[in-house]
Amino acid sequence: MERGNTTDFILKQFRKKTKRIIKKDLYTEFFYLNRSRRVIEFLEHEDSLAMNTFFREFLPKEFRDFVHVKVYNDSEESVKTWYYDEENLVVVIQVNWGKKQQEISIDVDIDLFKVTIIDQDQNDVKSIDYVMFNDYLISFLTLQARNLAQTFEVLANNKS
């Protein structure tokens, strides 16, 4: 099917508008903030959450297969899309120590990452500080990974 000049012109206009819309939304290493839908979509790398892949990089290679990061809503359903106005989020680190299982979790409420700006006319604008949320996730994951790696090293040295 051949496109006419009108079709190409209309498609070109749509591409421009789409680029503007996408630039309003924000990406980080772990998620995509879609402001119009009011959701955060967690990114994946090779069928695994980007957070999980990042987290496991800090663990010893022999331990990585026994630790996973999962994301749940407050109804304990696994999610990849978080409707942040309607529900809280739970980030869970699941650890299989062999004889024992362990879960380390944090509850996340988007209100913790909302910033309010009030001007001289008392008009306020609330927005999500996605950088602060991303830094929060990075801090939580790196600290927990270091603690787990240290614990694993102690256990591995005690068995030797």
Undergrad: Quick check for you: to the nearest 0.5 Å, what is the distance between Ser139 atom OG and Gln144 atom CD?
TA: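 Result: 11.0 Å between the selected atoms.
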Undergrad: Following the transitive rule for hydrophobic clusters with a side-chain heavy-atom cut-off under 4.5 Å over Ile, Leu, Val, Met, Phe, Trp and Tyr, establish whether Ile138 and Leu143 coincide in one cluster.
TA: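 Each belongs to a different hydrophobic cluster.
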Undergrad: Give the minimum heavy-atom separation between Glu29 and Ala50, together with the two atoms involved.
TA: O-CB, 3.6 Å
Undergrad: Going from CG on Leu89 to CD1 on Ile106, what distance comes out if it is rounded to the nearest 0.5 angstrom?
TA: 8.0 Å
Undergrad: Enter the distance from Ile104:CD1 to Asn147:CG here, rounded to the nearest 0.5 Å.
TA: 7.5 Å
Undergrad: Can you name the nearest heavy-atom pair linking Val115 to Asp129, along with the distance?
TA: CG2-CB, 3.8 Å
Undergrad: Among all residues two or more places apart in sequence or in another chain, which pass the ring-ring contact (aromatic ring centres under 6.0 Å, His included) test with Phe54?
TA: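 If we apply the ring-ring contact (aromatic ring centres under 6.0 Å, His included) test to Phe54, skipping adjacent residues, the hits are Phe30, Phe58.
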Undergrad: On a heavy-atom basis, which atom in Asn52 and which in Val69 lie closest, and how many Å separate them?
TA: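 Shortest heavy-atom contact: OD1-N, 2.8 Å.
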Undergrad: With the side chain counted from C-beta on, respond yes when Ile118 and Gln122 share a heavy-atom pair under 4.5 Å apart, and no when they do not.
TA: yes
Undergrad: Evaluate the side-chain proximity of Leu137 to Val91: yes if any heavy-atom separation is below 4.5 Å, no if none is.
TA: yes
Undergrad: Hey, mind stepping through Ile93 and Leu148 against side chain to side chain contact (heavy atoms under 4.5 Å, CB included) and telling me if it holds?
TA: CA-CA 10 Å; Ile93 300 169; Leu148 288 172; 4.0 Å; yes
Undergrad: Are Leu112 and Val90 connected, step by step, through hydrophobic side chains (Ile, Leu, Val, Met, Phe, Trp, Tyr) whose heavy atoms are closer than 4.5 Å?
TA: no
Undergrad: For Arg37 and Tyr83, which heavy atoms make the closest approach, and how far apart are they?
TA: NH2-OH, 3.3 Å
Undergrad: Are Gln94 and Gln101 close enough, and set up right, to give a side chain to side chain contact (heavy atoms under 4.5 Å, CB included), and what steps lead you there?
TA: CA-CA 7 Å; Gln94 298 173 331; Gln101 308 293 320; over 6 Å; no
Undergrad: Should the pair Glu41-Lys80 be classified as a salt bridge under the 4.0 Å nitrogen-to-oxygen rule?
TA: no
Undergrad: Taking side chain as C-beta onward, heavy atoms only, is Thr53 less than 4.5 Å from Glu44?
TA: no
Undergrad: Checking Asp74 side chain against Asn88 main chain: does a donor-acceptor pair fall under 3.5 Å?
TA: yes
Undergrad: Verify, without hydrogens or angle tests, whether Asn157 (side chain) and Glu153 (backbone) share a donor-acceptor contact under 3.5 angstrom.
TA: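 Confirmed, Asn157 side chain pairs with Glu153 backbone.
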Undergrad: Closer than 3.5 angstrom, by distance alone: can the side chain of Asp119 be matched with the main-chain N or O of Asn123 as a donor-acceptor pair?
TA: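 Yes; judged by distance alone, with no hydrogens or angles, the pair exists.
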Undergrad: Determine, stepwise, if the pair Asp65 / Arg56 fulfils side chain to side chain contact (heavy atoms under 4.5 Å, CB included).
TA: CA-CA 8 Å; Asp65 291 338; Arg56 292 170 64 168; 3.1 Å; yes
Undergrad: Minimum heavy-atom separation for Leu59 and Ala145, please, with both atom names.
TA: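 Here Leu59 and Ala145 meet closest at CD2-O, 3.5 Å.
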Undergrad: So do the side chains of Asn34 and Thr81 get within less than 4.5 Å of each other, counting heavy atoms only?
TA: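 Side-chain contact under 4.5 Å: no.
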Undergrad: Report yes if the side chains of Met51 and Phe55 come closer than 4.5 Å at any heavy-atom pair, otherwise no.
TA: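 Side chain of Met51 against side chain of Phe55, heavy atoms only: no contact under 4.5 Å found.
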Undergrad: Check the pair Phe63, Trp97 against ring pair (Phe, Tyr, Trp, His ring centres under 6.0 Å), reporting the backbone distance first and the verdict last.
TA: CA-CA 9 Å; Phe63 187 46; Trp97 292 106; 5.1 Å; yes
Undergrad: Which of these, Tyr32, Phe31, Phe133, Tyr72, sits in a ring-ring contact (aromatic ring centres under 6.0 Å, His included) with Trp82?
TA: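 Single ring-ring contact (aromatic ring centres under 6.0 Å, His included) partner of Trp82 among Tyr32, Phe31, Phe133, Tyr72: Phe133.
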Undergrad: Ignoring hydrogens and geometry, is there a side-chain-to-backbone donor-acceptor pair from Asn73 to Glu76 under 3.5 Å?
TA: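 Checking the backbone N and O of Glu76 against the side chain of Asn73, a donor-acceptor pair under 3.5 Å is found.
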Undergrad: Do Ile128 and Ile110 touch side chain to side chain, with heavy atoms closer than 4.5 Å?
TA: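 The answer is yes; the side chains approach within 4.5 Å.
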Undergrad: Check this for me: Asp47, atom CG, are more than 12 non-hydrogen atoms of other residues, nucleotides or ligands nearer than 6.0 Å?
TA: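 Open.
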Undergrad: I want to know whether Phe113 and Tyr130 have ring centres closer than 6.0 Å.
TA: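 No - the distance between ring centres of Phe113 and Tyr130 does not fall below the 6.0 Å cut-off.
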Undergrad: Going from OG on Ser78 to CG on Leu49, what distance comes out if it is rounded to the nearest 0.5 angstrom?
TA: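 Here the rounded value is 7.5 Å.
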Undergrad: Say whether, by atom type as modelled, one donor and one acceptor occur between the side chain of Ser48 and the main chain of His45 under 3.5 angstrom.
TA: no
Undergrad: Flag yes if Phe42 and Val92 sit in one hydrophobic cluster, no otherwise; membership is Ile, Leu, Val, Met, Phe, Trp, Tyr, and two members link when side-chain heavy atoms are under 4.5 Å apart.
TA: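 As far as the 4.5 Å side-chain criterion goes, Val92 and Phe42 are not connected within one cluster.
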